[in-house]
Amino acid sequence: MKLVYMDHSATTPVDQEVFNTIKPYYTDVFYNPSSAYSPAQKVRKAVEKAREQVALLINALPEEIIFTSGGTEADNQAIISYAITNMEKGRHIITSAIEHHAVLDSCKYLINNGFECTVIPVNSLGVVEPETLEKAIRPDTILISIMHGNNEIGSIQPIKELAEIARENQIAFHTDAVQTMGKIPLDVKALGINMLSGSSHKFYGPKGTGFLYLKKGTRIGRLLHGGSQERKHRAGTENVPGIVGLGKACELAGERLPEQVERLTKLGKRLTDGILTTIPNTRLTGHPVDRIPGSVSVCFEFVEGESILLMLDQLGIMASSGSACTSGSLDPSHVLLAIGLPAEIAHGSLRLTLGKDSTVEDVDYVLQVLPPIIERLRQMSPLVR
Amino acid sequence: MYSEKVMEHFMHPRNVGQLENASGVGEVGNPTCGDIMHIEIIVADNKIEDIKFKTFGCAAAIATSSMVTEMVKGKSLEEAQKITNRAVAEALDGLPPIKMHCSNLAADALQSAIKDYLGKSS
């Protein structure tokens with residue numbers, strides 16, 4: 001059976017070139033980068049080279065990059081450690097209703113520890129409006145965390161404008177760029193932000209590695225305590241192969257970016273248009289234009305997402321959904337509810353995310369098999385009256 | 001995650017549709033929680049002569065609906081009234097724990113259809 005992977009927002013395969021670069025650091029060049037002997041210095045160099053590669057992709061300085069175990073740790077540190085380190089300035093933080101749980105649950109942790117948090121709404125296209133942010137700011141607000149691109153509906157946030165509001169009010173700004181890193185151009189200086197989280201496995205690097213960009217002068221404590229690695233910002237022996245892989249993935253992403261943006265935007269449009277024109281009672285979720293290239297998210301009325309996924313799976317197509325059954329809870333995705341969809345519509349969500357190896361043939365295969373699947377489920381549905 | 005039997009019923013559901021002249025109709029669940037099961041029965045000589053379902057929901061919801069119709073078709077009302085959600089799940093070789101409470105309502109839909117019939121016929 002032909003396998004078609006359309007879940008690149010969940011994870012991506014490690015690029016062969018990245019894999020080849022990583023390999024020696026598991027075996028021959030295994031030394032601890034903190035060791036004094038000369039072979040270990042090679043490893044130290046590799047880690048520092050990776051730092052430069054990451055910095056280059058987002059227009060940061062190498063010393064502004066802290067390696068972490070992934071996007072979740074970076075989000076936790078950006079929010080929890082920043083808030084605790086700067087609590088003498090205030091105890092109020094602001095985030096949005098469509099953040100990843102790594103951000104939302106970090107905010108909850110702070111609420112349970114004496115902080116206050118305002119979760120601002122988004123509009124129906126899944127975008128935070130600058131006026132909404134402005135209204136939520138209080139004299140004791142110390143941190144604003146708004147994601148760059150949404151993992152479920154693909155909407156890209158006006159980070160530059162939002163960060164400017166934060167700057168005018170002398171509030172630190174963090175963005176979770178896990179879904180946009182390596183997919184669209186990112187320039188931390190142009191965006192004017194203090195912190196940014198990224199994750200390697202979302203753009204063809206290995207799992208278990210990510211980073212936090214921390215603008216020079218932004219004070220932040222540690223989440224993990226112990227050794228003095230990462231300029232005392234993150235204790236623990238460096239995940240050298242992971243870090244080397246992240247660096248290489250950044251280098252490749254930088255080289256491929258313009259071509260990939262154009263190709264995936266076109267391919268995503270072909271898929272979206274194909275779905276919307278062949279399947280009635282279907283709506284696109286998220287922003288129609290300002291979205292992550294190759295990210296397609298739709299809701300089909302009268303049917304449920306998990307059923308769609310399982311039928312696609314039978315045909316070799318791998319995708320995801322924000323329905324309750326796939327979220328592991330009784331509610332559909334908080335993101336779909338935040339853009340104002342009624343629960344019964346949100347249950348019929350389908351997310352197809354394309355990547356560098358996705359082809360026109362893959363897209364056309366999905367367009368061929370998806371309409372009959374939806375039709376079949378609708379014939380079974382009591383909601384079609 | 002799902003047993004082979006669940007997948008088999010999900011991919012090839014039995015007795016999908018609606019009945020003309022149904023003698024009893026039952027519907028449980030709500031669209032907010034993501035599962036609605038609609039069952040129609042025709043009762044003759046105290047037997048479930050025909051049964052059809054329509055279900056909005058996940059694979060477990062569809063498979064349990066299909067299974068319950070298969071279990072009671074041709075059975076007497078007394079036998080059908082003994083069918084529980086648990087029995088349906090067992091007949092499918094079990095369901096994942098999270099599905100036991102939210103998507104395992106097919107027997108409730110059946111009982112509601114029987115109740116509807118009994119209410120009309122008394």
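Note on naming: letters A, B, ... go to the chains in the order of the sequence lines (proteins, then strands), and numbering restarts at 1 for each one.
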For B:Gln18, is it the side chain, the backbone, both or neither that has a heavy atom under 4.5 Å from a heavy atom of chain A? neither

Checking B:Ile62 against chain A: side chain, backbone, both or neither under 4.5 Å from a heavy atom? side chain

Take A:Met380 and B:His38, measure what side-chain contact (heavy atoms from CB on, under 4.5 Å) needs, and give me the verdict at the end. CA-CA 10 Å; A:Met380 261 188 252; B:His38 179 95; over 6 Å; no

To the nearest 0.5 Å, how far apart are CD1 in B:Ile36 and CD in A:Glu344? 8.0 Å

Which is it for A:Leu310 and B:Tyr2 under the side-chain contact (heavy atoms from CB on, under 4.5 Å) test, yes or no, and what are the steps along the way? CA-CA 10 Å; A:Leu310 287 178; B:Tyr2 285 124; 3.5 Å; yes

Chain B contact residues among residues 356-379 of chain A, heavy-atom distance under 4.5 Å: A:Arg376, A:Leu377, A:Gln379

Check: B:Gly34 main-chain N/O paired with A:Glu304 side-chain donor or acceptor under 3.5 Å: no

If one checks every heavy atom of B:Pro96 against chain A at 4.5 Å, the contacting part turns out to be neither

For A:Glu129, give me all partners under salt bridge (Lys or Arg N to Asp or Glu O under 4.0 Å), at least two apart in sequence or on another chain. none

For B:Asn21, I'd like to know if atom CG has over 12 heavy atoms of other residues, nucleotides or ligands within 6.0 Å. no

Does any N or O in the side chain of A:Ser307 come within less than 3.5 Å of the main-chain N or O of B:Gly57, such that one atom is a donor and the other an acceptor? yes

Who pairs with A:Glu73 by side-chain hydrogen bond (donor to acceptor under 3.5 Å, both in side chains), at least two apart in sequence or on another chain? A:Ser69, A:Arg234

Who passes salt bridge (Lys or Arg N to Asp or Glu O under 4.0 Å) against B:Lys120, sequence neighbours left out? B:Asp116

Report, as yes or no, whether the 6.0 Å neighbourhood of atom CG on B:Asn46 holds more than 12 heavy atoms from other residues, nucleotides or ligands. yes

